[in-house]
**Student:** 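Take this structure, written in structure tokens, and hold onto it; I'll ask about it next.
Just so it is clear, the values below take in all heavy atoms, side chains as well, and ignore hydrogens, waters and symmetry mates. In this text the structure is predicted, and so the values were computed from the model without any measurement. Remember, it's 1-based here, ligands and their atoms both numbered in the order they're listed.
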Amino acid sequence: MRAHTLRPSPAARAWKEIDLDALRHNAQVLSSRLAPGCRLMAVVKADGYGHGAAAVARCLQKSGVHAFAVACLSEGIALRRAGIRGLILILGYTPPEEAPLLRRWRLTQAVADEEHGAALNAAGVPLRVHLALDTGMRRLGVPAEDTAALARLYEMNHLRIGGVFSHLCVSDDPGQPARDYTQSQLTRFYRAVDWLRDNGCDPGAVHIQASGGILRLPPQPCAYARAGIALYGVGSEGAADAMEAGLRPVLSLRARVACVRRLCPGEAAGYGLAFRAERDTRLAVLSIGYADGLPRSLAQNGGRVLLRGRSCPMVGRMCMDQLLVDVTEAPDVRAGDAATLLGQDGALAIRAEEAARRCGTITNELLSRLGHRIGRRQRVN
Ligand SMILES: *Cc1c(COP(=O)(O)O)cnc(C)c1O
């Protein structure tokens, strides 16, 4: 008998399995590709790309990673509350009125442009910052050639500039025009860094590579490389880079079979009666749906799940909390079984790259949207 104080098992309905061995392995593989003296900065924004930022960061901290990046203030504070020490860089915008919180939690703020730097400085609180340089992405950053603006930022006496960084926007595109563009971004970046050094402005820790840059560029003369998606063992779009590098997917996604029912030929099922049985059919109802962050289009675009070692097609329209799977070819499937939506089941596996491609997105979006209603547990090997 279960006492009312017990919590539901994370695996009661739909859950993520997080393989921390794979995470450590990936951190090791990526570190080994960096120049001597260059360290991994683990990007754990968006709840660690859906993997659980606190658990991911704690695991990496224990294996020697001492720098982390998040998207916003609340994510940074959550990491500190979870016991994460060392550098926590907020990559996105934080308004100047939050300066006391940046200081209180010893967070390092990216400076989005000169105006942002001036506003943070005017808050009158000493702040640790890294300067973002725009080398061609045209998102955040001071234009890399605007040395006058850089000089003015170094004059702002409340900004403690501990680093200078930029972001590559086409580093995972293998085509020649993209490679040329990446090269021009690198050139602009190092030119600005050299200008700072030559003019008595210490750039501190410099960093420019993200996953694409770590996997495709030669080692860079930087203090950090910011690894996001590659740390989680998947490629942003194709799987080739991640597999070649020997990275292992960290996340598996599973859901319970709620019930199995029979349909006669001609009978239809689900919203809009969008699935119609053409033969005697067994349908399994899975306890996961689009409100859990799965793209609704996955069911219509050939999405599959693994059940008892077989690959079975999703059918009909995905519901908010459930979806239908044709298990006619897997006659032993029954209520309570665990279905695999991402990850390994026996000899078969479904990769996040494959599921993302089916619904016209990238793995970053697919994984980071997996919702909080999904349980999470560590994989026991
Ligand atoms: C999200 C982000 C990263 C991580 O990118 P990945 O491609 O997932 O490695 C690195 N740097 C910045 C500025 C980012 O916004």
Side-chain angles (χ1 to χ4, degrees), residues 23 26-27 29-31 33-34 38-51 53 56-57 60 65 67-73 75-76 79 87-94 107-113 116 129-142 144 162-174 178 182 185-186 188-189 205-217 220 222-242 245 247 249-251 352-353 356 361-370:
L23 179 68
N26 296 340
V29 165
L30 294 171
S31 294
R33 300 175 78 103
L34 305 179
C38 183
R39 302 285 194 85
L40 223 53
M41 183 188 292
V43 181
V44 296
K45 60 190 179 188
D47 200 23
Y49 291 46
H51 294 62
V56 164
L60 292 172
V65 175
F68 299 88
V70 294
C72 60
L73 180 60
E75 290 181 343
L79 279 194
L87 173 69
I88 299 180
L89 174 62
I90 299 176
L91 296 167
Y93 177 74
T94 301
L107 302 169
T108 299
Q109 175 59 46
V111 174
D113 62 4
H116 188 218
V129 300
H130 282 198
L131 294 186
L133 294 186
D134 177 17
T135 54
M137 184 174 187
R138 314 310 310 277
R139 193 174 63 173
L140 301 184
V142 181
V164 170
F165 74 102
S166 189
H167 196 41
L168 303 171
C169 50
V170 287
S171 64
D172 47 11
D173 179 341
T182 296
Q185 285 196 274
L186 292 170
R188 294 177 72 185
F189 181 65
V206 304
H207 43 108
I208 187 162
Q209 293 158 287
S211 295
I214 298 171
L215 294 175
R216 287 186 180 263
L217 294 176
Q220 297 294 306
C222 287
Y224 293 116
R226 304 182 304 269
I229 195 70
L231 202 48
Y232 305 103
V234 297
S236 198
E237 304 202 37
D241 273 3
L247 300 172
V250 173
L251 181 144
E353 295 91 341
T361 185
I362 58 174
T363 55
N364 311 46
E365 182 181 0
L366 181 77
L367 295 173
S368 66
R369 285 191 171 200
L370 293 177

**Student:** Considering the heavy atoms of K45, write down every atom of ligand 1 situated less than 4.0 Å from one of them.
**Tutor:**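 Reading through ligand 1 atom by atom, the close ones are 1 (C), 2 (C), 3 (C), 14 (C), 15 (O).
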**Student:** Quick one: look up the protein heavy atom nearest atom 9 (O) of ligand 1 and list residue, atom name and how far away it is.
**Tutor:**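 Closest protein heavy atom to atom 9 (O) of ligand 1: S211 OG, 2.5 Å.
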**Student:** Would a 4.5 Å heavy-atom cut-off, applied to side chains only, mark L91 and R226 as touching?
**Tutor:**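 Answer yes - side chains close enough.
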**Student:** Check whether any side-chain heavy atom of L131 lies under 4.5 Å from a side-chain heavy atom of F165, and answer yes or no.
**Tutor:**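 They are not in side-chain contact.
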**Student:** Under a 4.0 angstrom heavy-atom cut-off, which atoms of ligand 1 come close to R139?
**Tutor:**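 Taking each heavy atom of R139 in turn, ligand 1 has 13 (C), 15 (O) under 4.0 Å.
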**Student:** Charged N to carboxylate O under 4.0 angstrom, D241 versus R216?
**Tutor:**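 Yes, charged N to carboxylate O under 4.0 Å.
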**Student:** Which residue and atom name correspond to the protein heavy atom nearest atom 11 (N) of ligand 1, and how close is it?
**Tutor:**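 Looking at atom 11 (N) of ligand 1, the protein heavy atom closest to it is R226 NE, 2.8 Å.
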**Student:** Could you list the atoms of ligand 1 found under 4.0 angstrom from a heavy atom of N364?
**Tutor:**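 So the answer, numbered in order with elements, is 8 (O).
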**Student:** Counting from 1, what ligand 1 atoms have a heavy atom of Y49 closer than 4.0 Å?
**Tutor:**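 In order of numbering, the contacting atoms are 1 (C), 4 (C), 5 (O), 6 (P), 8 (O).
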**Student:** Under a 3.5 Å distance rule, please check whether D47 uses its side chain to pair with a backbone N or O of A53 as donor and acceptor.
**Tutor:**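 Yes; at least one donor-acceptor contact below 3.5 Å.
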**Student:** Would you say ligand 1 has an N or O under 3.5 Å from any N or O of G228?
**Tutor:**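 Yes - when backbone and side-chain N and O of G228 are compared with those of ligand 1, one distance drops under 3.5 Å.
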**Student:** Among V29, L40, V65, which residue meets the side-chain contact (heavy atoms from CB on, under 4.5 Å) test with L231?
**Tutor:**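 That would be L40.
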**Student:** What part of I229 sits under 4.0 Å from ligand 1 if we count only heavy atoms: the side chain, the backbone, both or neither?
**Tutor:**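 Contact part for I229 vs ligand 1: both backbone and side chain.
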**Student:** Among protein heavy atoms, which sits nearest to atom 12 (C) of ligand 1, and what does the distance come to when rounded to 0.1 Å?
**Tutor:**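 Result for atom 12 (C) of ligand 1: H167 CE1, 3.5 Å.
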**Student:** What residues form a side chain to side chain contact (heavy atoms under 4.5 Å, CB included) with C169, not counting sequence neighbours?
**Tutor:**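 For C169 the side chain to side chain contact (heavy atoms under 4.5 Å, CB included) partners, ignoring immediate neighbours, are M137, Y181, Q185.
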**Student:** Is the closest side-chain donor-acceptor distance between T363 and E353 under 3.5 Å?
**Tutor:**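 Note: T363 and E353 side chains miss the donor-acceptor criterion.
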